[in-house]
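Written out below as structure tokens is the structure these notes cover.
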Amino acid sequence: MPIAIGIKKLIYLKQDREEETNKESHPASVLAVAAITFANGGDNIGIYIPLFANSSAAALLITLIAFAVLIAIWCAIGYYLGSHPVVVDRHGHILVPFVLIGLGIYIILNSR
């Protein structure tokens with residue numbers, strides 16, 4: 001799914017150079033994020049359910065706290081990069097398709 005979205009964005013990138021478009025958020029972008037999250041989450045279910053089922057209450061609490069802290073760190077980094085003017089204004093529209101295609105390739109290679 002990320003590869004298809006990335007290719008679609010590359011095609012629109014070429015068209016956007018020819019005609020300026022409105023940069024407002026579209027509902028389709030929410031669906032794209034949901035699709036990427038779903039495509040990347042399948043392997044997590046197979047790993048984390050047995051881990052959580054066999055963990056003691058203390059180990060489960062430590063694991064969940066570690067996940068929460070690390071997710072907060074990743075969200076902060078993503079927010080910083082997503083709101084940084086150099087990344088967003090100058091290169092964001094060019095980087096996104098390549099990031100999506102790279103993410104799709106990563107998911108395919110690690111889903112064995």
- prompt: Considering residues at least two apart in sequence or located in another chain, which fulfil the ring-ring contact (aromatic ring centres under 6.0 Å, His included) criterion with Tyr79?
  reply: none
Tyr80 reachable from Val69 in the ILVMFWY side-chain graph, under 4.5 Å edges: yes
query: Atom CD1 of Ile49 and atom CD1 of Ile47: how far apart are they, to the nearest 0.5 Å?
result: 11.0 Å
- prompt: Taking only residues two or more places apart in sequence, or in another chain, which ones meet Tyr106 in a ring-ring contact (aromatic ring centres under 6.0 Å, His included)?
  reply: none
- prompt: So which heavy atom on Gly6 is nearest to which on Pro97, and how close?
  reply: O-CB, 3.4 Å
- request: Return the set of residues passing side-chain contact (heavy atoms from CB on, under 4.5 Å) with Ile3 (not counting sequence neighbours), or none when no residue passes.
  value: Ile7, Ile105, Ile108
statement: Across all chains, not counting sequence neighbours, the side-chain contact (heavy atoms from CB on, under 4.5 Å) partners of Leu64 are Phe52, Leu60
query: Residues two or more places apart in sequence or in another chain: which of them pass side-chain contact (heavy atoms from CB on, under 4.5 Å) with Leu70?
result: Ile73
By side-chain contact (heavy atoms from CB on, under 4.5 Å) - contacts of Ala59 (at least two apart): Ser55, Ser56
